[in-house]
Amino acid sequence: MTTTPSDQMRAEHRLSMDELAAVIACDIPAGAFVNLGIGQPTKIADHLPADSGVVLHTENGMLNMGPKAEGDAVDPDLTNAGKVPVTELPGAAYFHHADSFAMMRGGHLDVCVLGAYQVAFDGDLANWHTGEPNAIPAVGGAMDLAIGAKDVYVMMTLFTRSGEPKLVPQCTYPLTGVGCVSRVYTDCGVFDVGPDGVRIRETYGVSAPELAERLGITLS
Amino acid sequence: MTTTPSDQMRAEHRLSMDELAAVIACDIPAGAFVNLGIGQPTKIADHLPADSGVVLHTENGMLNMGPKAEGDAVDPDLTNAGKVPVTELPGAAYFHHADSFAMMRGGHLDVCVLGAYQVAFDGDLANWHTGEPNAIPAVGGAMDLAIGAKDVYVMMTLFTRSGEPKLVPQCTYPLTGVGCVSRVYTDCGVFDVGPDGVRIRETYGVSAPELAERLGITLS
Amino acid sequence: MSRAEIVESADAAVAGIEDGSTVLVGGFGLAGMPFDLIDALIRQGAKDLTIVSNNAGNGEVGLAALLAAGRVRKVLCSFPRQADSWVFDGLYREGKIELEVVPQGNLAERMRAAGAGIGAFYCPTAVGTPLAEGKEEREIDGRKYLLEYPIRGDYALIGAHVADALGNLVYRKTARNFGPVMATAATTTIVQVDQVVEPGTLDPEAVVTPPSTSTGSSR
Amino acid sequence: MSRAEIVESADAAVAGIEDGSTVLVGGFGLAGMPFDLIDALIRQGAKDLTIVSNNAGNGEVGLAALLAAGRVRKVLCSFPRQADSWVFDGLYREGKIELEVVPQGNLAERMRAAGAGIGAFYCPTAVGTPLAEGKEEREIDGRKYLLEYPIRGDYALIGAHVADALGNLVYRKTARNFGPVMATAATTTIVQVDQVVEPGTLDPEAVVTPPSTSTGSSR
């Protein structure tokens, strides 16, 4: 952990994905049951305080998942959703896929954090398909997670490499879920989204008015 | 066990319920997964050959249920569907109620044997409610079993105490299941029932024509 | 800290149950019945309850005592009528309690649906019987089914054998019955166990109810 | 004797699989993937198969090799596209294989429905997305759901850790994944295990797949 929450709150620069992971880790309530999506969200686990009591769920059938396995601890029968070898913590439990997704859909997870191509101001999520005609579709557990957890957070860069905003009035990419995202964490700022529209919570390395103008957000 | 199957096949008298249980036990295929309903059908377990390999299912969450528990073997946490203490056999497995009934409905049981108030020639079953206006309805697992097992057998006396047939052209009691019974074992004879109507397989202490006339069955 | 909370008395465990709650009560006959929690609920006094359980009480204890105390408005169960269900029988005949009879497998599957986020499901049980009345029927692949809706609880009171401090549960023999399903279907699950152990004591392969689905635990 | 049959070779285990079968294949990535059975299926030669599995093959082995051998007409899976799914990618781009993408939880729940005798169920996943196309939508208690139908297999090929001679199965860690669900959804389940033990060896409380739902077992 290279930064502390108080550092980040004052950040006057765009956050790195590691710094952003630390910000999200601080916002996850102690004792929460949490699913971290494949890719960047996985980093959040490294920033959870040791005494947080956060219980990690992995869609492939486990609660109380521990950190990535190294060396002799690598076991091909024990991986996370990204197929990376992981470890188990005391109090772990294994279950089959139907039970694992029942747990999701049934509202038994407090938070899941997903990556995204686009998030709409009203909470629509697009993170499974670029919509390109020759792309091979692959959804995995994204749609199940999107509608399952009590709170769905997105972790992403705010702009594409070519500078297009990924937080948008309406998604142009195929949807993963409708109105399912409640908060969007990005390198440039944190946003609440949902039925009441978008609200800037904090910004990094950019002022709120400047960000609002660039994204087409009305500041209230 | 007081009689052997070959004795019963030749029986020139109405069978006792114990003798009938022995007849049914002989008809259950080796290695079958079987649920025996509350009441008379429970007796069938006592007549299964030791090497039959029949696996007993109890709706309250167990496979490979053993005989009734006696003395020190009584454990209040281990009962059959009739709440009678039972034992476990090697290779037993416990599961919860949703899994137990999924096993039934999903067609994973080969045979179940139920008691009945009435069975219709087409296989309709009435075994849960007398239809009397002030009777308190109680269905338990009867409707689930009726539609779940691959073969549903009924074990009953053929006539009520007042002499009314219980194998009837149409049930007058409230139904448990529609067209679900394939065979009816009674003290007076064994019948196939189903979409093609009723057929007498064998009789005990009465001739087939005599029985057919009394029940209103057309002999083919 | 995880959300599971270990409390030392059954009275503390049930203290929050409000009048008018729907309470899922585990057990099949006596096996798995959380007697201490039911006794505590009687002392606690919550009334106008809807009880979901396989049976409707035996003798004068447990659910029968709760019913006798006049706290229950309605019972959903598969098998109310038993040799020793005189308390329920009397209240029912006097019109003092409502009854919804649900086939045992549907009772389990409807609670499973509640816990699994399923909106409704088509089930072949009870087609063509009096219990099909008022239910939508649909033919799928040549077979008839009835549309069944989830049964959710505000609380579940269940018995288990051992809990760890995180809320993982294992059960004992056929006392498992409805417990694991009810634990998923209730907003708050209160568990009566024989023993509480440290996390890491239970075999992770043998845990039946993982903690995310149960939020309370009681000795 | 019980219906479970112990055979000494994977080839004998898969001998009966017919052309045109729907085969459920366990595993999530490599964990729980029944490689010996898939290799045997390739040797056996059955073609025109529909494969239901979470992924559509990795590298050149297992499902990827089955696909490369031209035996598969259609794949139902949640996540075909991976860094090393070039075999599937090539066949798909050439129009030589059909694909039905199913959200991972729906894949599991639709097989669970097949094994549990559920005719169909309303599921909130994928509402409002392209994967909702052609599916019946229904609002229940203010929330939208899609009607999902069971996925049945003629065969399931799964990996487990230990079987007893009756067919009880236990799994190991996250290699459990789809195995227990597939075992309920197939007419015949063929299991690759590390070890076969005598009945009575496995803890009855820890059995994950009881034998009534699986009819074949293979070392």
Side-chain angles (χ1 to χ4, degrees), chain B residues 38 58-62 65 69 75-88 92-107 124-131 134-148 171 173-180, chain C residues 26 28-33 54-56 58 77-83 85 88-89 92-93 99 101-113 115-116 123-132 143-144 159 161 171-185 208-209:
Chain B
I38 296 178
T58 182
E59 69 194 29
N60 50 323
M62 183 186 193
M65 179 176 68
D75 180 336
D77 284 346
L78 179 48
T79 75
N80 65 14
K83 281 101 177 177
V84 175
V86 292
T87 53
E88 72 181 33
Y94 297 104
F95 31 84
H96 61 58
H97 247 82
D99 279 351
S100 182
F101 282 77
M103 198 177 280
M104 257 181 223
R105 274 192 319 265
D124 286 0
L125 171 67
N127 79 345
W128 75 290
H129 198 309
T130 58
N134 72 336
I136 296 176
V139 70
M143 289 188 182
D144 313 89
L145 278 166
I147 58 89
C171 294
Y173 283 16
L175 291 190
T176 306
V178 175
C180 55
Chain C
F28 183 88
L30 307 185
M33 184 64 70
N54 190 60
N55 304 111
N58 304 75
C77 74
S78 86
F79 210 75
R81 188 197 61 221
Q82 297 183 275
S85 61
F88 173 82
D89 300 358
Y92 181 78
R93 294 221 155 90
L99 170 66
V101 173
V102 182
Q104 195 174 151
N106 288 11
L107 198 63
E109 188 70 12
R110 289 172 64 185
M111 288 191 281
R112 194 247 171 211
C123 186
T125 306
V127 166
T129 78
L131 295 188
R143 189 171 194 195
K144 288 177 180 165
H161 183 40
Y171 300 81
R172 210 174 153 268
K173 303 188 185 284
T174 57
R176 184 184 301 196
N177 59 66
F178 283 94
V181 185
M182 290 178 168
T184 70
V208 175
T209 298

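Residue numbering restarts at 1 for every chain, and letters A, B, ... go by the order of the sequence lines.
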Flag the pair [X] / [Y] as yes when at least one side-chain heavy-atom distance between them is below 4.5 Å, and no otherwise.
X: B:Glu88; Y: B:Met65; value: no
X: C:Lys144; Y: B:Ile147; value: no
X: B:His97; Y: B:Asn60; value: yes

At a 4.5 Å cut-off on heavy atoms, which part of [X] comes close to chain B: side chain, backbone, both, or neither?
X: C:Cys123; value: side chain
X: C:Leu99; value: side chain
X: C:Arg112; value: side chain
X: C:Asn55; value: side chain
X: C:Arg93; value: side chain
X: C:Val101; value: side chain
X: C:Asn106; value: both

* **Residue, of B:His129, B:Glu59, B:Met62, that accumulates the most heavy atom pairs under 4.5 Å with chain C** =>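 That would be B:Glu59.
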* **Most contacts with chain C, counted as non-hydrogen pairs under 4.5 angstrom, among B:Asp144, B:Val86, B:Thr176, B:Leu145** =>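 That would be B:Asp144.
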Side chain, backbone, both or neither: which part of [X] has a non-hydrogen atom closer than 4.5 Å to chain C?
X: B:Ala92; value: neither
X: B:Pro76; value: backbone
X: B:Thr79; value: both

* For B:Asp124 and B:Val178, indicate whether the former's side chain and the latter's backbone hold a donor-acceptor pair under 3.5 Å. =>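 No: the side chain of B:Asp124 does not pair with the backbone of B:Val178.
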* Asked: With no hydrogens and no angle check, is any side-chain donor or acceptor of B:Asp77 less than 3.5 Å from a backbone partner on C:Lys173?
  ->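 Side chain of B:Asp77 to backbone of C:Lys173, a donor-acceptor pair under 3.5 Å: no, none is there.
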* To do: Would you confirm whether the ring centroid of B:His96 sits within less than 6.0 angstrom of the ring centroid of C:Tyr171?
  =>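 No; B:His96 has its ring centre 6.0 Å or more from that of C:Tyr171.
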* Asked: Looking at C:Ser78, C:Gly29, C:Pro124, which makes the most heavy-atom pairs under 4.5 Å with chain B?
  ->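 The residue among C:Ser78, C:Gly29, C:Pro124 with the greatest pair count is C:Ser78.
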* To do: Report yes or no: do B:Asn80 and B:Thr58 form a side-chain donor-acceptor pair below 3.5 Å?
  =>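 No donor-acceptor contact under 3.5 Å links the two side chains.
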What donor-acceptor contacts under 3.5 angstrom involve side-chain atoms of residues 175-183 of chain C, with partners at least two apart or in another chain?
unit_1, atom_1, unit_2, atom_2, d
C:Arg176, NH1, B:Tyr94, O, 3.3
C:Arg176, NH2, D:Glu205, O, 2.9
C:Arg176, NH2, D:Glu205, OE1, 3.4
C:Asn177, OD1, C:Gly27, N, 3.2
C:Asn177, ND2, C:Ala31, O, 3.1
C:Asn177, ND2, C:Thr174, O, 2.9

* Test side-chain contact (heavy atoms from CB on, under 4.5 Å) on C:Gln82 and C:Phe88 and set out the steps. => CA-CA 10 Å; C:Gln82 297 183 275; C:Phe88 173 82; over 6 Å; no
